[in-house]
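Only a predicted model underlies this, so the values are computations on that prediction, with no experimental measurement involved. Residue numbers start from 1 in every chain, and the chains themselves are labelled A, B, ... in the order their sequence lines are given, proteins ahead of strands.
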Amino acid sequence: MSVSTADYASSVPIAWCPGCGNFAILNAVKKSLSELDLPPDRVVICTGIGQAPKLPHYLRVNTFNGLHGREIASAIGIKLAANDLTVIVHAGEGGAYGEGGNHFLHAIRRNMDLTVVVHDNLNYALTKGQASPTTPAGTVKRLQPEGVASQPLNPLALAISQSCSFVGQGTSARADLLAGLLKAAIRHRGFSLVHILQTCPSWDRIHTPQFYKEHCYELGEDYDPQDRDAALRLVMTPEDRHPLGILYLEERPLYNESALHEIEQPLRGRLVEPETADQVLKQLAAKTK
Amino acid sequence: MSVSTADYASSVPIAWCPGCGNFAILNAVKKSLSELDLPPDRVVICTGIGQAPKLPHYLRVNTFNGLHGREIASAIGIKLAANDLTVIVHAGEGGAYGEGGNHFLHAIRRNMDLTVVVHDNLNYALTKGQASPTTPAGTVKRLQPEGVASQPLNPLALAISQSCSFVGQGTSARADLLAGLLKAAIRHRGFSLVHILQTCPSWDRIHTPQFYKEHCYELGEDYDPQDRDAALRLVMTPEDRHPLGILYLEERPLYNESALHEIEQPLRGRLVEPETADQVLKQLAAKTK
Amino acid sequence: MEINIRIAGAAGQGMQTAADLLGKGVTRSGWHVIAYSDAESRIRGGLNFNHLRVSDQPCAGVTNRVDILVALTREAVEQLAPTLTEGGVILCSEEREHPRRAPLNLAQLAEQAGSKRVESTVAVALVAGLIGLDSSVLEPLIHERFGGDAAKLEPNLKAMTSGYAAAQAWSNREMFVLPPGDGQTERLWLAGHEALALGAVAGGVTFFAGYPMSPATAIFSNLGDWQKQAGIVIEQSEDEIAAINMVAGAAYAGARAMTATSGGGFALMVEGLSLLGMIEAPAVIVLGQRPGPATGLPTRTAQGDLNFARFAGHGSFPRILLAPSSVPDCINVTAYAFDLAERFQVPVIVLTDQLQIDTTVSMAAPSFAEMPRERYLLTPEALRKLPVYRRYEQAESGLSPMAAPGDSHHTVVVDSDEHDEEGHMTESGEVAERMVRKRLRKAASVEQAAWAPDVTGEVEGRPLVITWGSCRESVAEALAQINANGAGVAHMNLRWLWPLPAEPISAIVNAASSITVVENSPEGGLVSVLREVTLRKVDHEIRSVTGRPFAVEYLIEQLTQEVMA
Amino acid sequence: MEINIRIAGAAGQGMQTAADLLGKGVTRSGWHVIAYSDAESRIRGGLNFNHLRVSDQPCAGVTNRVDILVALTREAVEQLAPTLTEGGVILCSEEREHPRRAPLNLAQLAEQAGSKRVESTVAVALVAGLIGLDSSVLEPLIHERFGGDAAKLEPNLKAMTSGYAAAQAWSNREMFVLPPGDGQTERLWLAGHEALALGAVAGGVTFFAGYPMSPATAIFSNLGDWQKQAGIVIEQSEDEIAAINMVAGAAYAGARAMTATSGGGFALMVEGLSLLGMIEAPAVIVLGQRPGPATGLPTRTAQGDLNFARFAGHGSFPRILLAPSSVPDCINVTAYAFDLAERFQVPVIVLTDQLQIDTTVSMAAPSFAEMPRERYLLTPEALRKLPVYRRYEQAESGLSPMAAPGDSHHTVVVDSDEHDEEGHMTESGEVAERMVRKRLRKAASVEQAAWAPDVTGEVEGRPLVITWGSCRESVAEALAQINANGAGVAHMNLRWLWPLPAEPISAIVNAASSITVVENSPEGGLVSVLREVTLRKVDHEIRSVTGRPFAVEYLIEQLTQEVMA
Ligand SMILES: Cc1ncc(C[n+]2csc(CCOP(=O)(O)OP(=O)(O)O)c2C)c(N)n1
Ligand SMILES: Cc1ncc(C[n+]2csc(CCOP(=O)(O)OP(=O)(O)O)c2C)c(N)n1
Ligand code: SF4
Ligand code: SF4
Ligand SMILES: [Mg+2]
Ligand SMILES: [Mg+2]
């Protein structure tokens with residue numbers, strides 16, 4: 001089987017603004033999936049609500065477009081039920097770290113074989129540009145006329161502090177690097193976070209492609225993503241330079257390997273056999289609580 | 001004014017199990033508040049649901065006992081409305097890091113002047129001992145007969161990774177140290193996390209007072225809580241030894257100092273002056289959107 | 001004849017174990033028994049009790065009569081002695097003096113057996129001895145329970161022997177001796193939470209996600225015990241929002257998915273419920289009610305969330321509300337809930353409550369052979385033959401073809417936005433209208449499948465008492481007694497609560513001379529439903545506001561007052 | 001006479017600004033105007049429009065008639081040309097050929113003004129010229145809007161001048177010229193979201209927490225603009241659950257607290273709503289409805305969440321549901337919501353929707369002087385005199401004394417568990433019963449305060465049309481036209497939706513010869529409420545399922561068909 005980007009072509013008209021960084025990400029997704037030789041019917045893209053979450057409609061692919069901020073939770077349900085499929089989440093940083101922050105936190109703990117791609121455009125774009133969890137402190141918004149008072153979330157440090165087994169960073173301004181990063185993340189067996197610095201020309205005139213080109217740099221060959229202390233230092237130093245590539249890698253047992261009883265078959269094929277209850281009942285009847 | 005622990009005495013019968021670590025924490029709370037000379041009417045204790053959250057009923061103190069996991073959110077509302085009061089959260093680790101993980105995460109970002117005391121007994125005690133976010137991996141529970149598959153949350157690393165301005169750790173097994181730690185946290189201007197390793201004899205026979213006495217150690221004079229890298233290394237090394245004391249301190253602007261317009265008066269005293277709308281209207285009428 | 005036994009003491013003193021041993025023992029002796037509990041929201045201390053109602057006749061209602069009070073604490077004596085029937089006795093230790101105390105000293109017998117900790121086993125043995133349970137039934141129970149731990153087995157066996165002997169030796173014993181039962185010793189001893197979990201297994205559950213919350217936790221603890229055997233993926237989620245969204249994801253992927261919670265957790269699932277409605281994903285949600293609002297009384301019972309469940313979620317979408325009428329019925333209702341959910345691609349909410357969940361009964365073994373076993377997903381073979389597959393294809397019934405991703409070369413697209421037939425988001429008013437109408441047609445299809453209510457007695461021109469859920473059994477028993485004098489009061493119980501077809505229900509209620517609704521809640525939930533659906537006023541309402549179940553005695557009094565007046 | 005102008009194009013082309021300039025201009029010219037929008041859920045592209053209905057007479061309904069179509073894209077021409085009335089024209093640029101095109105070339109005029117970007121200003125000027133808006137009104141508008149930016153001011157002024165001149169010079173202009181208005185040039189030009197925010201300020205809001213969600217975001221964006229001036233603490237929370245729990249905390253601490261959201265966000269607040277009910281904390285929740293289920297149609301309108309709001313939350317607790325009848329009424333209703341919330345210590349839900357929120361009207365300046373200014377908290381002085389303070393003291397009215405922590409030496413204790421008079425958690429059935437009954441008495445007190453419905457026309461023996469919320473205005477206009485021929489159809493609009501006292505409402509609906517409910521939702525929300533409360537069947541229902549508002553024309557047709565048949 002040989003999959004091409006054309007297999008992922010969709011006829012749904014795209015509702016993003018011209019010049020949006022999401023286009024580069026969309027192309028990288030097509031490229032990575034086809035280069036991994038994954039056919040659209042073996043992949044599920046799971047999203048919530050926002051601009052980034054519209055992405056799977058612009059592909060031909062199994063799509064679960066659920067609720068704002070709940071994409072990771074739904075993806076866990078999908079993956080547990082269908083462990084033969086490749087499950088990828090695309091979320092805005094508002095959904096993944098704001099509304100859905102709790103799911104993100106606990107998904108890291110599980111280390112299921114999921115890839116979570118966060119399109120970080122530093123704002124709630126679809127609802128008209130309000131501050132998001134990563135908006136730099138001091139940014140003036142209508143709801144924060146004297147500037148955002150909260151410090152931005154540091155999702156990379158958060159992930160590494162919780163031993164997230166794959167942490168990568170890309171930017172829509174460096175499309176050349178994106179597909180490779182996505183491929184590595186999807187290939188990685190375990191929970192992968194791909195944080196993408198995404199440009200949003202409609203609401204953010206500072207973080208332009210040019211800006212990211214200037215402020216980002218590729219991690220060199222000498223960088224060891226398995227050195228946790230170094231990775232933490234890297235992502236916790238002030239943010240005027242952003243490293244691109246695989247920031248952190250850790251070998252951890254996969255969720256279902258470590259303790260879930262082996263789910264050998266995807267659940268969709270399971271017959272209903274009411275008699276199973278008989279067996280359970282027998283065991284139950286034998287025991288006094 | 002001189003406040004004594006007797007001022008905090010309550011006649012509500014205590015519903016904790018005999019031998020519960022919460023008793024030591026309760027005493028430390030009384031001690032810290034009275035030693036800080038804070039009268040009960042100037043303090044609000046805000047809690048959710050669980051064993052730990054019953055604490056304020058066993059004191060005479062302003063009490064907001066809200067929903068499971070929402071204690072931090074409610075405390076933010078209280079503090080923003082009443083910035084003249086000392087607001088302290090007591091939560092179980094299930095409420096603070098499980099159900100309420102998202103509020104915890106974003107509260108750190110805000111750096112409001114709140115103290116959050118988490119009673120970590122490694123289980124959901126009130127609902128009969130299920131695994132909580134900090135239950136060690138591999139622990140066998142009814143819902144996890146093959147052992148908990150998720151890695152436990154590392155709340156200390158999480159907090160430091162997000163530049164939480166005060167991070168301390170205590171244990172109910174070392175009552176002698178608790179009041180001092182609580183006092184430091186309450187005195188600290190900014191968001192303080194006090195993580196308490198709390199014994200729960202009813203559901204956990206491993207983490208006994210003896211266990212914690214053996215596995216905990218006091219941080220020495222030479223420990224510099226302002227060295228972030230060192231603090232992170234300390235809390236991210238495998239967990240057979242637990243440091244006690246102030247693990248991390250960072251100078252950060254207070255939320256309301258940095259950007260909220262000065263709330264000079266607590267909101268409870270505000271009159272209703274419908275005419276204020278007239279002024280707003282005037283400004284509005286002048287402008288074309 | 002029946003004997004009511006109440007085992008009371010502080011949380012942690014083993015009342016639950018004692019009740020379980022006794023319940024199982026009397027079940028194996030061919031008697032009938034129902035047991036329920038009254039517990040505080042704490043792990044140790046306070047005052048809890050377990051109540052067993054044992055009879056030579058079938059019995060299923062709740063009563064407040066107490067013939068034998070086992071009091072393990074002084075507080076238990078003081079608080080509960082007033083509930084004793086005439087001739088009732090207290091079993092307690094010597095130092096707890098009380099005029100009704102039987103001369104059977106728990107503490108002393110326990111000490112003789114070598115350990116203060118076996119007091120509850122002594123109590124079991126004493127009660128067994130009093131009611132005439134055969135010691136050959138008792139002994140295996142002790143082995144089953146403590147056999148795994150030699151250190152425990154010894155003193156418990158001793159406690160059993162001496163307790164049993166002491167009771168048998170007591171001269172006033174006769175009034176407690178039960179006549180033999182019907183000889184059926186093969187009945188099951190099953191709790192509501194077990195019945196609900198069993199029903200889920202019978203219904204083919206393959207995925208469960210949930211977050212602990214009383215009284216629903218017990219349901220998924222059972223599933224936890226059986227996960228390997230029954231092949232269920234169980235996920236303890238970080239919160240209820242995660243649980244319902246996991247359920248939605250798993251259902252999309254073709255699992256038979258389920259969650260269980262109580263009011264507060266259900267409240268957090270409401271957005272997800274609306275998601276299930278929009279993407280038309282099947283799911284079963286067990287809502288174990290307890291008194292609200294908010295945290296309320298966490299360990300008590302109520303039926304206060306019917307209308308909340310009926311309207312929970314923004315926008316309109318079909319859903320089904322079911323309510324088991326008894327502990328045994330929990331099995332059926334839950335099993336059928338899975339069938340209905342998948343057949344109609346809707347969320348099904350099973351309304352139960354603390355009383356039903358925490359009640360244990362002796363019951364005939366259920367048969368699963370006749371239960372539905374159909375799956376409604378397109379098979380991989382059928383799918384492969386389709387030139388195109390569209391998840392929300394229009395259909396007269398409103399039921400579009402459902403497929404799981406990965407089952408063929410077709411992709412499956414679902415969207416929480418309003419969408420077109422392919423599942424892609426739309427801005428079009430026309431497409432939206434088509435989809436809304438499709439879902440309305442589906443709602444009509446669901447309504448046609450509604451189960452008829454259970455009606456007992458002649459309704460025409462007679463008073464009609466209406467119930468749903470856990471209070472059905474006690475009301476049925478109260479009415480049986482009232483009707484024994486020829487009163488002729490009819491009873492209608494609803495197991496299918498929503499959608500409620502207007503015509504058949506209206507026909508029944510309009511035939512009655514008066515209607516009375518019994519519901520354990522401060523405001524009438526079913527009262528609202530009936531008024532709306534039938535446009536008939538409810539003449540009498542019997543409600544409870546204490547978080548405690550209705551007792552048969554109370555119902556007889558109230559029903560006689562209200563209905564017969 | 002009225003002229004309907006529709007400015008259509010892709011998101012981001014400035015239609016909203018153009019509509020705003022025009023709306024303000026016609027308002028300052030003494031005409032009446034209502035404007036609403038139709039937008040997709042995207043930031044750039046697609047097809048959106050803003051519709052202005054300008055008249056020399058008061059007008060407040062929605063219409064689909066278009067006299068002047070400003071089409072900024074080819075798609076706008078193609079899609080919307082069919083909506084043109086007889087004689088209606090399209091203003092577009094030359095290359096967009098269409099038989100109805102007026103010879104007024106937008107693109108060309110914009111280019112002449114020096115920038116393609118001023119097309120929308122050209123459009124404003126053209127329309128102004130056509131309808132006869134005085135250029136002395138137009139020019140200051142351009143200055144107000146673009147004055148801050150010299151680079152923009154210049155071309156926009158040019159665009160204005162040349163556009164205006166071109167329109168005035170067009171020979172077929174007369175049919176668009178509006179007769180002079182009533183000379184009242186001091187009216188306000190106010191949007192629903194501004195009115196809701198203003199009402200909150202008038203009601204004394206001091207605390208707002210919320211999370212962005214269409215269509216409610218605009219409400220708190222306004223409050224954001226005014227936070228300093230009006231002294232409001234505004235907190236953008238991490239999610240809606242945080243928002244409602246912050247509101248509960250702030251309300252406990254004595255703030256007048258508020259949030260605003262839409263269905264999905266409200267769903268997440270349901271547990272918190274129940275908390276407010278239990279701790280008896282006052283709060284105002286604005287629920288800006290849009291079509292569901294789930295994400296639905298995020299930028300469209302609906303009235304589908306009435307019953308959801310009525311029953312949201314586990315357990316029983318009093319709440320008040322209000323619905324503004326118009327944009328100006330948004331001010332009153334919101335202001336009074338704060339008074340009611342604090343007076344009765346309950347959550348008050350203000351039900352509005354995308355249509356009402358995003359509609360802008362010309363209106364007389366409101367007067368705030370008569371609005372309630374009472375605060376119901378015990379004052380520090382009163383508190384200090386009390387020997388004991390108990391938050392949930394029993395009271396005949398159910399209204400316990402409310403105090404804020406920090407106001408005296410007394411402590412204030414609230415609890416989401418069932419609690420005693422002091423606020424401490426309880427296990428007692430008796431205490432629980434007392435508290436439940438206290439809340440039920442409070443519910444009765446609330447019901448007594450219900451606002452009477454607004455009834456227009458004689459009901460006795462006549463058909464009665466019933467509305468609530470945003471469709472009130474269009475229905476009123478439709479009925480005015482129908483009744484102009486002496487039809488005598490009565491109209492009842494409900495601004496206070498719940499709790500609904502049965503007697504007065506029943507008296508009204510029972511007097512009518514038939515009742516018709518108009519609601520913009522797939523299933524009838526008010527229909528359920530009326531059936532339940534009055535036990536009278538609703539004879540006709542007019543609903544919409546497209547996410548678009550009812551137009552007056554459509555309503556006239558439907559009402560004539562249904563009601564007059
Ligand atoms: C429960 C809920 N709350 C709020 C919204 C409104 N909403 C839609 S998208 C969005 C923000 C999206 O921001 P982000 O996730 O960063 O995605 P982006 O649009 O920036 O790509 C919000 C708040 C919603 N749909 N659901
Ligand atoms: C929304 C919601 N979900 C679940 C519960 C049930 N519940 C009550 S306490 C508790 C766990 C408490 O654990 P933790 O916070 O660690 O406190 P502990 O009892 O261990 O002190 C849970 C799950 C609840 N009250 N509300
Ligand atoms: S608003 Fe920003 S993120 Fe959204 S489509 Fe436009 S440019 Fe992209
Ligand atoms: S269960 Fe554990 S935490 Fe709860 S009171 Fe008992 S010992 Fe303490
Ligand atoms: Mg974003
Ligand atoms: Mg805990």
Side-chain angles (χ1 to χ4, degrees), chain B residues 13-20 22 47-51 53-54 57 64-71 74 92-105 121 123-133 135 139-146 148-150 153 200-204, chain C residues 10-13 16 39-48 75 193 197 208-230 232-243 260-265 267-268 290 292-299:
Chain B
I14 297 189
W16 289 323
C17 312
C20 176
N22 279 322
T47 66
I49 299 299
Q51 298 286 25
K54 293 177 181 170
H57 293 285
F64 184 99
N65 183 350
L67 297 174
H68 177 56
R70 312 305 167 189
E71 44 279 89
S74 294
E93 86 289 4
Y97 307 143
E99 183 84 70
N102 207 33
H103 312 307
F104 175 63
L105 204 59
N121 53 13
N123 74 73
Y124 287 160
L126 186 59
T127 48
K128 305 198 177 166
Q130 295 85 2
S132 82
T135 303
T139 308
V140 172
K141 297 270 176 186
R142 258 181 102 181
L143 291 169
Q144 293 87 6
E146 303 182 41
V148 169
S150 292
L153 190 84
C200 169
S202 287
W203 302 118
D204 189 331
Chain C
Q13 284 190 298
Q16 181 67 49
E40 299 184 4
S41 182
R42 62 194 294 167
I43 302 302
R44 297 273 179 273
L47 176 58
N48 291 0
E75 207 189 340
H193 51 81
F208 183 99
Y211 187 84
M213 186 161 198
S214 306
T217 319
I219 301 162
F220 64 109
S221 297
N222 292 317
L223 292 172
D225 295 345
W226 312 334
Q227 59 188 276
K228 223 169 170 165
Q229 197 173 356
I232 313 163
V233 176
I234 302 221
E235 182 60 27
Q236 185 186 324
S237 54
E238 57 273 24
D239 56 35
E240 290 87 350
I241 302 178
T261 185
S262 185
L268 291 167
R290 68 190 213 191
T295 310
L297 292 164
T299 57

Item to complete: Using non-hydrogen atoms and a 4.5 Å limit, figure out which bit of C:E40 sits close to chain B: side chain, backbone, both or neither.
Response: neither

Fill in: Check against side chain to side chain donor-acceptor pair (under 3.5 Å), B:Q130 and C:Q236
CA-CA 9 Å; B:Q130 295 85 2; C:Q236 185 186 324; over 6 Å; no

Item to complete: Would you mind checking which part of C:S221 comes under 4.5 Å of any heavy atom in chain B, side chain (CB onward), backbone (N, CA, C, O), both or neither?
Response: both

Item to complete: Look up atom OG1 in C:T295 and atom CG in B:N65, then write down how far apart they are to the nearest 0.5 Å.
Response: 7.0 Å

Worksheet entry | Residue pair C:M213 / B:T127, side-chain heavy-atom distance below 4.5 Å | no

Item to complete: Measure the spacing between CD1 of B:I49 and OG of C:S214 and express it to the nearest 0.5 Å.
Response: 11.0 Å

Response to the item:
Value for CG (B:L143) from CD (C:Q227), rounded to nearest 0.5 Å, stands at 7.5 Å

Worksheet entry | C:L223, part contacting chain B, at a heavy-atom distance under 4.5 Å | neither

Practice prompt. Heavy-atom distances under 4.5 Å only: say whether B:K54 touches chain C with side chain, backbone, both or neither.
Written response: side chain

Worksheet item: Residues in side chain to side chain donor-acceptor pair (under 3.5 Å) with B:E99, at least two apart?
Response: B:R70

Response to the item:
On a heavy-atom basis, the closest approach of C:G224 and B:P145 is O-CG, 3.8 Å

Worksheet item: Hey, what do you get for CD1 (C:I43) to SG (B:C200), rounding to the nearest 0.5 Å?
Response: 8.0 Å

Discussion item. Please classify the contact of C:Y211 with chain B as side chain, backbone, both or neither, using a heavy-atom distance under 4.5 Å.
Written reply: side chain

Practice prompt. May I ask you to name which of B:K128, B:H68, B:K141 has the most heavy-atom pairs under 4.5 Å with chain C?
Written response: B:H68

Practice prompt. Of all the heavy-atom pairs spanning B:Y124 and C:P212, show the shortest one and how long it is.
Written response: CD1-CG, 3.6 Å

Practice prompt. State which residues pass ring pair (Phe, Tyr, Trp, His ring centres under 6.0 Å) with B:W16; sequence neighbours excluded, sorted by chain then number.
Written response: B:F23, B:Y58

Worksheet item: Which atoms of B:A131 come close to chain C, meaning under 4.5 Å heavy atom to heavy atom: side chain ones, backbone ones, both, or neither?
Response: both

Item to complete: Report the distance from atom CZ of C:R42 to atom SG of B:C20, rounding to the nearest 0.5 Å.
Response: 11.5 Å

Worksheet item: Can you tell if the side chain of C:R44 reaches within under 4.5 Å of the side chain of B:S202, non-hydrogen atoms only?
Response: yes

